Amino acid sequence: MELKTQNLVYEYDSGTDYAKRALDGVDITIGKNEFIGLIGHTGSGKSTLIQHLNGLLKATEGQVLWNGRDIYSAGFDRRELRGHVGLVFQYPEYQLFETTVLKDVCFGPKNRGLSEEDAICRAREALTLTGIDEKYYESSPFDLSGGQKRRVAIAGVLAMQPEILILDEPTAGLDPGGRDEILGRVAGIQRETGSTVILVSHSMDDIAEYVDRIIVIDKGCIAFDDVPVRVFSHVEELEKMGLSAPQITYVMHTLKNAGFNVDTDAITVKEAVDSIMGQIRPHF
Amino acid sequence: MFKDITLGQYYKTDSVIHMLDPRVKLAGTLIYIITLFLGKSFFMFIPAAVFLVSMIILSKVPVSYVLRGIKPIIPLIIISSVFNLILTPGNVLVGFWIINITSEGIYMAVFMIVRLLLLITGASILTLTTTPTKLTDGMEMGLRFLKVFKVPVHEIAMMMSIALRFIPILVEETDKIKKAQMARGADFESGNIFKRAKAMIPLLVPLFVSAFRRAGDLAMAMEARCYHGSEGRTRMKPLIYARRDYIAYAIVLGYLGLMIVMAVFGV
């Protein structure tokens with residue numbers, strides 16, 4: 001399984017005076033069992049990019065290749081592709097429409113042509129993965145809390161069992177508790193299903209802990225595509241793009257400059273604590 | 001999908017028509033429409049057409065834009081002229097089965113087409129040169145006298161401007177929901193009419209839910225700012241008549257006078 005973009009260009013209002021390039025020659029390759037963070041400032045083109053990956057938008061120039069086949073070529077079934085590349089939009093809870101949670105989650109698998117029983121089976125699996133308790137299966141999705149609604153909506157895409165799951169700002173508008181719950185669940189899904197997950201965000205702190213590859217997009221171009229540690233070493237460039245390294249990176253850099261021999265590559269709070277404690281302990 | 005919807009098809013230029021007080025334009029349009037129904041002969045349309053063409057020239061709106069407003073009412077024009085053509089009694093020219101085309105019918109059909117064209121074009125000049133906000137402001141001010149009869153003029157105007165304001169938001173929302181459902185494999189394009197209608201449910205339910213949610217939020221925000229209707233409310237941009245508005249009133253009244261005279265003398 002491989003999803004690849006080649007020199008992808010997308011222009012809004014193409015051919016008019018208002019034409020604006022949202023994507024300007026994007027080349028990325030997404031393989032199996034990856035956990036990717038896609039980061040960019042508001043208006044950098046990240047939402048536009050992900051809508052190309054499942055064929056919702058048609059590129060002005062360039063190609064998107066799914067297992068080597070051009071998704072815009074004649075005869076390519078883009079509806080089928082959307083089952084393989086699951087896209088969860090921002091505020092996905094606004095897409096809920098069915099009378100019960102279970103039925104809503106069944107919508108996706110049924111569109112893939114599954115029977116009622118198979119769809120329900122997959123829906124249950126997906127709801128378990130997103131941590132929705134069985135007692136809610138028959139209640140109306142509109143009666144749930146904000147965080148629950150969002151998890152049901154994510155389950156709605158997950159139930160199609162996509163090989164690539166893309167989540168656009170899954171934590172937007174949630175409190176810290178809800179945020180950690182969602183991100184923890186997503187990380188769990190990635191581990192358990194072995195599928196590739198792309199987390200789209202504008203905040204490094206959100207994703208630094210989880211992902212093992214970060215793609216930074218700026219003004220429609222890929223700025224960095226590397227492992228987190230190496231991306232975070234470009235703090236100044238990131239700041240110019242309106243982004244920042246995780247807060248912990250700043251703490252470690254400050255400590256280092258103050259004369260402590262700490263590890264500036266620490267990304268998570270735990271790594272940072274270990275590194276700092278390692279420096280402090282010998283003094284006791 | 002809904003990109004073609006342009007309610008409030010405002011076209012910005014710096015013409016004198018654009019600068020006029022919306023009340024003048026509303027009154028002028030109303031008078032113009034009334035005059036179209038005053039007479040029964042084609043001669044009545046000559047001053048009306050002259051009036052209309054001068055307004056179009058003065059407004060500096062491209063003619064192609066003005067004519068675009070006619071497109072949606074073409075079916076209406078066709079239907080009305082067909083009925084006029086076959087249902088007007090009189091001197092039969094062509095007759096077969098129960099359909100009789102009379103000379104009076106042809107006359108009436110052409111007459112109605114001209115009248116409708118003049119009417120729609122005139123009305124679209126109003127919306128082309130006036131922003132929806134100004135239009136509702138003008139209506140509110142112009143209809144203030146109805147308050148005597150306990151008509152909540154301000155509230156109605158407020159509802160109208162909110163409704164207009166929400167159209168682009170809901171269009172955008174529809175697009176988003178549509179894409180979200182397509183990402184879940186929804187199919188809006190294929191199948192027969194029943195299948196397509198059913199496919200609209202995943203689109204319409206979230207759209208309604210979100211419209212109600214937005215309405216609730218807006219009401220809350222308005223109350224938080226102590227909105228309480230028209231009582232004691234002042235405006236940021238009060239409507240004040242300028243000299244050009246009085247001149248415009250005079251021209252409109254002159255035109256009305258001419259049309260009345262023509263109608264009375266049966267030209």
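Model, not experiment: these values are computed from the prediction. Letters A, B, ... mirror the listed sequences (proteins, then strands); counts begin at 1.
In this structure, A:Arg124 is not positioned above the aromatic face of A:Tyr137 in the sense of NZ or CZ being under 6.0 Å from the six-membered ring centre and within 45° of the axis.
The 12-atom threshold is exceeded at CD of A:Glu80, counting heavy atoms of other residues, nucleotides or ligands nearer than 6.0 Å. Heavy atoms of other residues, nucleotides or ligands lying less than 6.0 angstrom from CZ of B:Phe188 number more than 12.
Considering A:Lys149, A:Gln148, A:Arg150 in turn, A:Arg150 is the only one that fulfils the side-chain hydrogen bond (donor to acceptor under 3.5 Å, both in side chains) rule with A:Glu93.
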**Message:** Set out, in order, the CA-CA distance, both residues' side-chain angles and the distance that settles side-chain contact (heavy atoms from CB on, under 4.5 Å) for A:Leu53 and A:Ile164, then state yes or no.
**Reply:** CA-CA 10 Å; A:Leu53 301 182; A:Ile164 300 179; over 6 Å; no
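With a 4.5 Å cut-off on non-hydrogen atoms, A:Leu96 touches chain B through its backbone but not through its side chain. Interface residue A:Gln51: only side-chain heavy atoms are found under 4.5 Å from chain B. Using a 4.5 Å cut-off between heavy atoms, A:Tyr94 contacts chain B through both its backbone and its side chain. A:Leu57 touches chain B through its side chain: at least one heavy atom from C-beta onward sits under 4.5 Å away, while N, CA, C and O do not.
Ranked by heavy-atom pairs shorter than 4.5 Å toward chain B, the options A:Arg78, A:Gln95, A:Arg82, A:Met160 are led by A:Gln95. Chosen from A:Leu81, A:Leu56, A:Val157, the residue pairing most often with chain B at heavy-atom distances under 4.5 Å is A:Leu56.
The ring of A:Phe89 has its center no closer than 6.0 angstrom to the ring center of A:Tyr91.
Taking 4.0 Å as the cut-off between side-chain N and carboxylate O, B:Asp137 and B:Lys237 do not count as a salt-bridged pair. Using a 4.0 Å cut-off between charged nitrogen and carboxylate oxygen, B:Glu140 and B:Arg235 count as a salt-bridge pair.
Contacts between residues 98-117 of chain A and chain B, defined by a heavy-atom separation under 4.5 Å, are made by A:Asp104, A:Phe107, A:Gly108, A:Asn111.
Using modelled atom types, one side-chain atom of B:Thr13 and one backbone atom of B:Ser59 make a donor-acceptor pair closer than 3.5 Å.
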